[in-house]
Amino acid sequence: QVRPVESGGGLVQPGGSLTLSCSVSVSDFRTYNIAWFRQAPEKRRELVAAVNWSAVKIFYADAVKGRFTISRDNSKNLLTLQMTKLKPDDTAVYSCAAARGGSAYSIPIEEYKYDFWGQGTQVTVSP
């Protein structure tokens with residue numbers, strides 16, 4: 001069973017920074033597309049950032065471009081989301097998701113294409 005585990009959430013002031021990590025215990029981590037989704041209260045879950053298995057393709061939602069950076073370390077089975085210039089609108093539960101395979105030159109952006117999900121970690125941006 002592939003089970004992503006998130007860590008690094010917390011409370012931060014507007015303008016601050018936070019780094020989220022996602023560890024995936026699987027032997028062939030390098031074959032998985034990995035993504036960060038978030039869901040704010042009373043809102044639909046949305047894709048924040050994703051990196052495909054080959055690391056050739058990276059996606060960022062418009063709302064986070066220039067502020068968030070996604071990266072993967074295949075040697076550690078680790079996905080990281082560096083978040084800077086945080087805003088109150090970034091407040092949400094952030095979840096890591098994984099999907100195996102696909103083209104080396106494309107990246108899944110639809111929620112339903114991700115088969116494995118973590119429990120999520122809360123990020124709160126407030127004075």
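Here, residue 1 is the first one in the sequence, and each next residue gets the next number. Values below: all heavy atoms of this structure, side chains included; hydrogens, waters and symmetry mates excluded.
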(Q) Assess whether a salt bridge exists between K87 and D90, defined as any Lys/Arg side-chain N lying under 4.0 Å from an Asp/Glu carboxylate O. (A)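 No, K87 and D90 are not salt-bridged.
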Nearest heavy-atom neighbours spanning [X] and [Y]:
X    : Y    : value
T91  : V125 : OG1-N, 2.9 Å
I107 : K57  : CD1-O, 3.5 Å
A35  : L47  : CB-CD1, 3.8 Å
V56  : A104 : CB-O, 3.5 Å
V64  : V48  : CG2-O, 3.6 Å

I want to check something: taking the side chain as every heavy atom from C-beta on, are [X] and [Y] in contact at a cut-off of under 4.5 Å?
X    : Y   : result
L79  : I70 : yes
S126 : L11 : yes
P88  : P14 : yes
T80  : L20 : no
Q82  : S17 : no

Please list all pairs meeting ring-ring contact (aromatic ring centres under 6.0 Å, His included) that have one or both residues in residues 13-44, counting only residues at least two apart or in different chains.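 Non-adjacent pairs meeting ring-ring contact (aromatic ring centres under 6.0 Å, His included): F37-Y114, F37-W117.
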Practice task
Please list all pairs passing the ring-ring contact (aromatic ring centres under 6.0 Å, His included) test where one or both residues lie in residues 43-64, with sequence neighbours left out.
Solution key: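 Sorted pair list comes back empty.
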message = For R100, run the side chain to side chain donor-acceptor pair (under 3.5 Å) check against D28, D115, N33 and tell me which one passes.
response =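 With R100 as partner, side chain to side chain donor-acceptor pair (under 3.5 Å) holds for just one option, D28.
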Linking I/L/V/M/F/W/Y whenever their side-chain heavy atoms sit closer than 4.5 Å, directly or via other members, would [X] and [Y] fall into one cluster?
X   : Y    : result
L78 : F116 : no
F68 : V93  : no
Y94 : I58  : yes
M83 : V12  : yes

I'd like to know if the side chain of R3 reaches the main chain of Q119, judged simply by a donor and an acceptor atom lying under 3.5 Å from each other, with no hydrogens or angles considered.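 Checking the backbone N and O of Q119 against the side chain of R3, no donor-acceptor pair under 3.5 Å is found.
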Distance (rounded to the nearest 0.5 Å) between [X] [atom1] and [Y] [atom2]:
X   : Y    : atom1 : atom2 : result
I34 : N77  : CD1   : CG    : 9.0 Å
D73 : R30  : CG    : CZ    : 10.0 Å
R44 : Q39  : CZ    : CD    : 9.5 Å
L81 : T121 : CG    : OG1   : 11.0 Å

Worksheet entry | side chain to side chain contact (heavy atoms under 4.5 Å, CB included) between R38 and E46, worked out | CA-CA 5 Å; R38 69 183 181 187; E46 62 177 353; 2.7 Å; yes
Quiz item: Does a sphere of radius 6.0 Å around CD in E111 hold more than 12 heavy atoms from other residues, nucleotides or ligands, not counting ones at 6.0 Å or beyond?
Solution: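 Yes.
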*Would one find more than 12 heavy atoms of other residues, nucleotides or ligands at under 6.0 Å from atom CD of E110?*
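Result for CD/E110: enclosed.
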Note to self: I need the full list of disulfide (SG to SG under 2.5 Å) pairs touching residues 4-82, with sequence neighbours left out, sorted by first then second residue.
What the structure shows: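 The answer is C22-C96.
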